[in-house]
Colleague: 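Take a look at the following structure, please.
Within every chain, numbering begins at 1; the chains are lettered A, B, ... in the order of the sequence lines, protein sequences first and strands thereafter.
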Amino acid sequence: MRQLFIKVVSRWETMLVLLILATVAWSTTLSPHFLTPDNLLRQTRAIVVIGLLALGLTLVVIAAEIDLSGEAILSVCAVTLGLLFEAGISVWVAALMSVVLGAVLGLVNGVLVGILNLPSLAVTLGTLIGYGGLAFVVLEQRPISGFPPSFTQLGMGTVGTTALQYSFLILLAFVVLVGAVLHLSTYGRRLYAIGHNKVAARLSGVPVTKMRVQVFVISGAFAGLGAVMLAARFGSVRADSGEGLILDVVAAVLLGGVSIFGGVGTIGGVFLALLLIGLLRNGMSLANIGGETQSIIIGVLLVAAVLIPLAVKKMTERLEASSTDAGSTGGDPTADPDQVEATQGAS
Amino acid sequence: MTQTAGERQAPGGLEGNVADEGEGDDGVLSSVRGALRGFREAGIIGFILLAIIVFTTQSPAFFTVGTLRSVLVNSSIVIVLAAGLTALVVARQIDISIGSTVALTAYVSAMVLSDFGDVPAVAVAGLAMALGAVLGLFNGVLVAILKVPAIIATLGTLFAYRGLVHVVAGGRQIGAAALPPEFRELSRTAWLGIPSLIWISLSIALVIGLALAYTRWGRDLYAIGSNPEAADYVGLRPQKLIIAAFVLMGAVAGLGGFLFLMRFTTVHSGSAWALEFEVVAAVVIGGVAIFGGSGRVFGAVLGAILLTMLGRGLILMHIPEFWKVVLTGAAIVGALAFDGLLERRRDLQLRRQRRPHLVEGGA
């Protein structure tokens with residue numbers, strides 16, 4: 001019983017829930033209208049686009065890679081969606097094309113990283129810049145708007161007379177889908193295996209190359225879907241539609257407990273982190289804290305999200321070392337060599 | 001590693017022989033190739049020459065001393081920053097908070113100059129560098145001591161430092177009118193006919209380049225970058241060295257902020273936005289390997305010059321400036337892919353020399 005208690009308390013997700021409750025309490029003191037079901041449901045639309053990007057990034061990071069290009073892919077897809085719509089193509093076809101285009105742009109990342117074995121950090125930094133420029137080349141600085149109400153309903157509409165957002169339901173559906181794939185299927189388990197140890201995974205028959213390409217394609221497709229939801233929510237698209245999203249997306253994934261070193265993390269954690277970031281931004285707005293100061297705080301959270309698990313790990317290692325000084329503990333056999341190296345270097 | 005059909009065919013080809021024998025019997029061609037192979041920056045110099053030829057055929061006005069001067073002036077800030085970033089990248093680190101550091105130091109410099117007009121420019125530059133060094137130290141502590149991966153730490157500070165600029169500047173802008181007249185003239189001064197910005201940037205690049213190549217600190221950074229564990233075993237102190245490299249990057253970015261103000265004489269909270277992208281691009285296309293351990297400041301300087309030249313050439317050819325950003329991204333990816341393919345070929349050749357049967361059989 002006591003062990004179960006410790007297990008629950010020491011879980012990363014428990015800390016997120018506590019942080020969420022604290023944020024809710026803080027926001028309630030700021031405005032009496034905050035803690036109503038209607039308001040809470042209305043706020044959920046703010047995390048839909050970030051959430052979709054974060055789902056894609058989660059898969060990439062669990063496979064021990066990184067994709068910085070999501071926001072730029074989103075911009076290119078949003079611009080393309082707008083131009084196709086302007087050219088008289090049905091907005092629904094344009095939306096579908098947007099997702100396909102996202103997957104194709106993701107495939108470019110995937111081929112460079114998975115097949116040519118280039119470092120994903122540098123590759124996606126390059127495509128972040130390149131795709132970002134491409135969006136401006138295609139649309140320059142004018143906005144496109146005038147989407148039909150049936151389409152914008154997707155981003156702004158609610159179910160019946162409640163405040164439950166369609167867009168949030170869509171996000172939820174994908175959270176459940178990705179969660180199921182990651183935690184219940186062989187595919188998910190193989191992804192963790194790749195993230196833990198690429199070579200061992202390959203030797204155990206996991207199609208490492210193929211899967212590493214696939215996660216980037218999926219990540220790109222989610223960015224394309226994010227573009228659709230963004231166009232539907234704001235009713236307009238611009239070349240800089242995605243600019244600055246990267247901070248919240250990376251913060252949501254890492255704050256969600258997904259290890260930047262790969263192989264660790266849950267979709268539940270990422271979803272809680274999304275809620276936390278959404279509530280936090282909303283609370284800070286209620287407190288009249290400007291968007292730029294909000295960025296400082298999210299930036300600090302991002303760094304803290306990496307720092308805290310490393311610090312906890314170091315502390316527990318020290319505790320173990322002092323309780324059994326014979327050095328027979330040996331450590332976690334599945335631990336990433338980088339992490340082990342990092343903690344050893346620090347002590 | 002997966003084998004492709006193309007690679008399996010290679011053993012019978014001419015390429016393998018040339019590389020194996022070095023300055024073999026093929027004469028001039030192979031010795032030229034051998035010389036080029038040892039010279040990392042050959043590729044980028046080739047691209048610069050190509051760009052000059054293309055742009056000159058489009059507009060003869062491109063090939064003049066005036067163009068050279070303006071390209072060097074326009075790339076001067078990126079040159080300084082790229083030299084600093086090279087020291088980090090050879091040690092397998094990265095800093096993407098550069099643009100925010102430049103903006104913050106530029107704005108603080110402008111505040112000092114507009115409030116106390118009689119401060120000597122050198123003192124302001126020193127202050128900017130000191131402030132930048134503090135910001136760099138913070139990055140360095142996060143990465144080297146607290147073990148946050150450099151990309152995540154500096155992504156966080158990219159937004160955090162930019163937020164600080166907004167806190168300090170608000171919606172205000174400090175323009176030329178608020179700056180002392182002597183300061184405004186500074187970027188127009190020249191020595192031996194060469195503008196001050198060029199002198200400053202090239203001398204900073206030279207100092208950092210020499211330090212990386214010939215000091216113990218520099219060589220140790222390469223050692224850390226090419227094999228962190230080995231560097232640890234032989235007794236290097238990676239933490240200290242990496243922090244020093246981040247502090248250097250910060251100080252250089254502070255100087256970049258000062259130069260930014262000197263050159264544009266206007267600064268606001270959005271200044272130097274996304275500047276880090278151009279700096280990273282200059283370093284990567286200059287042949288500084290992102291895996292760490294190789295590359296030189298010289299290459300990064302050439303990278304900065306090539307990027308500026310591309311921008312100028314596009315203007316000459318009336319191509320929208322957004323294309324420059326696309327090309328910058330494409331250049332990074334292209335340079336990486338090129339490096340990766342070279343690496344793979346070298347790897348394969350080495351394996352073939354040692355154990356031919358393994359290559360024949362496939363992995």
Colleague: Measure distances from V280(B) to the heavy atoms of chain A and classify the residue's part below 4.5 Å as side chain, backbone, both or neither.
Modeller: side chain
Colleague: Which atom names give the shortest non-hydrogen contact between A337(B) and L116(A), and what distance separates them?
Modeller: CB-CD1, 4.3 Å
Colleague: Under the criterion side-chain contact (heavy atoms from CB on, under 4.5 Å), I'd like the reasoning laid out for V167(B) against I296(A): C-alpha separation, chi angles, the key distance, then a yes or no.
Modeller: CA-CA 10 Å; V167(B) 170; I296(A) 302 184; 4.2 Å; yes
Colleague: When heavy-atom pairs shorter than 4.5 Å are enumerated against chain B, which of A72(A), A122(A), A251(A) gives the highest number?
Modeller: A122(A)
Colleague: Can you find a heavy atom in the side chain of F277(B) that is under 4.5 Å from one in the side chain of L125(A)?
Modeller: yes
Colleague: Identify the heavy atoms of V123(A) and L336(B) that sit nearest to each other, and give their distance.
Modeller: N-CD1, 3.6 Å
Colleague: I298(A) versus chain B, heavy atoms under 4.5 Å apart: side chain, backbone, both or neither?
Modeller: neither
Colleague: Which bit of Q294(A) comes within less than 4.5 Å of chain B, counting heavy atoms only: side chain, backbone, both or neither?
Modeller: neither
Colleague: Decide yes or no for F261(A) and P149(B): does some side-chain heavy atom of the first lie under 4.5 Å from some side-chain heavy atom of the second?
Modeller: yes
Colleague: Is R238(A) atom CZ crowded by more than 12 heavy atoms from other residues, nucleotides or ligands, each under 6.0 Å away?
Modeller: no
Colleague: Heavy-atom distances under 4.5 Å only: say whether L327(B) touches chain A with side chain, backbone, both or neither.
Modeller: neither
Colleague: Look at I297(A), V208(A), L118(A) and state which one has the largest set of heavy-atom pairs under 4.5 Å with chain B.
Modeller: L118(A)
Colleague: With rounding to the nearest 0.5 angstrom, report the CG to CD1 distance, L155(B) to I66(A).
Modeller: 8.0 Å
Colleague: Report yes if some heavy atom in the side chain of R162(B) is under 4.5 Å from a heavy atom in the side chain of S295(A); otherwise report no.
Modeller: no
Colleague: Taking all atoms of both residues into account, what is the closest heavy-atom pair of W273(B) and E243(A), and its distance?
Modeller: NE1-OE1, 3.6 Å
Colleague: Kindly compute the distance separating CG (L307(A)) from CG (L142(B)), expressed to the nearest 0.5 Å.
Modeller: 6.5 Å
Colleague: Quick one: do Y131(A) and V326(B) satisfy side-chain contact (heavy atoms from CB on, under 4.5 Å)? Show the steps, please.
Modeller: CA-CA 7 Å; Y131(A) 292 159; V326(B) 180; over 6 Å; no
Colleague: Considering the options I129(A), V137(A), L134(A), which one meets the side-chain contact (heavy atoms from CB on, under 4.5 Å) requirement together with V325(B)?
Modeller: I129(A)
Colleague: Heavy-atom count check: over 12 atoms from other residues, nucleotides or ligands less than 6.0 Å from F47(B) CZ?
Modeller: no
Colleague: Can you say whether L247(A) sits under 4.5 Å from chain B via the side chain, the backbone, both, or neither, judging by heavy atoms?
Modeller: both
Colleague: Counting only heavy atoms closer than 4.5 Å, note whether L254(A) contacts chain B via side chain, backbone, both or neither.
Modeller: side chain
Colleague: Quick one: what part of T293(A) sits under 4.5 Å from any heavy atom of chain B, side chain, backbone, both or neither?
Modeller: side chain
Colleague: Given that the side chain runs from C-beta out, which part of I94(B) has a heavy atom under 4.5 Å from chain A: side chain, backbone, both or neither?
Modeller: side chain
Colleague: Counting only heavy atoms closer than 4.5 Å, note whether L128(A) contacts chain B via side chain, backbone, both or neither.
Modeller: side chain
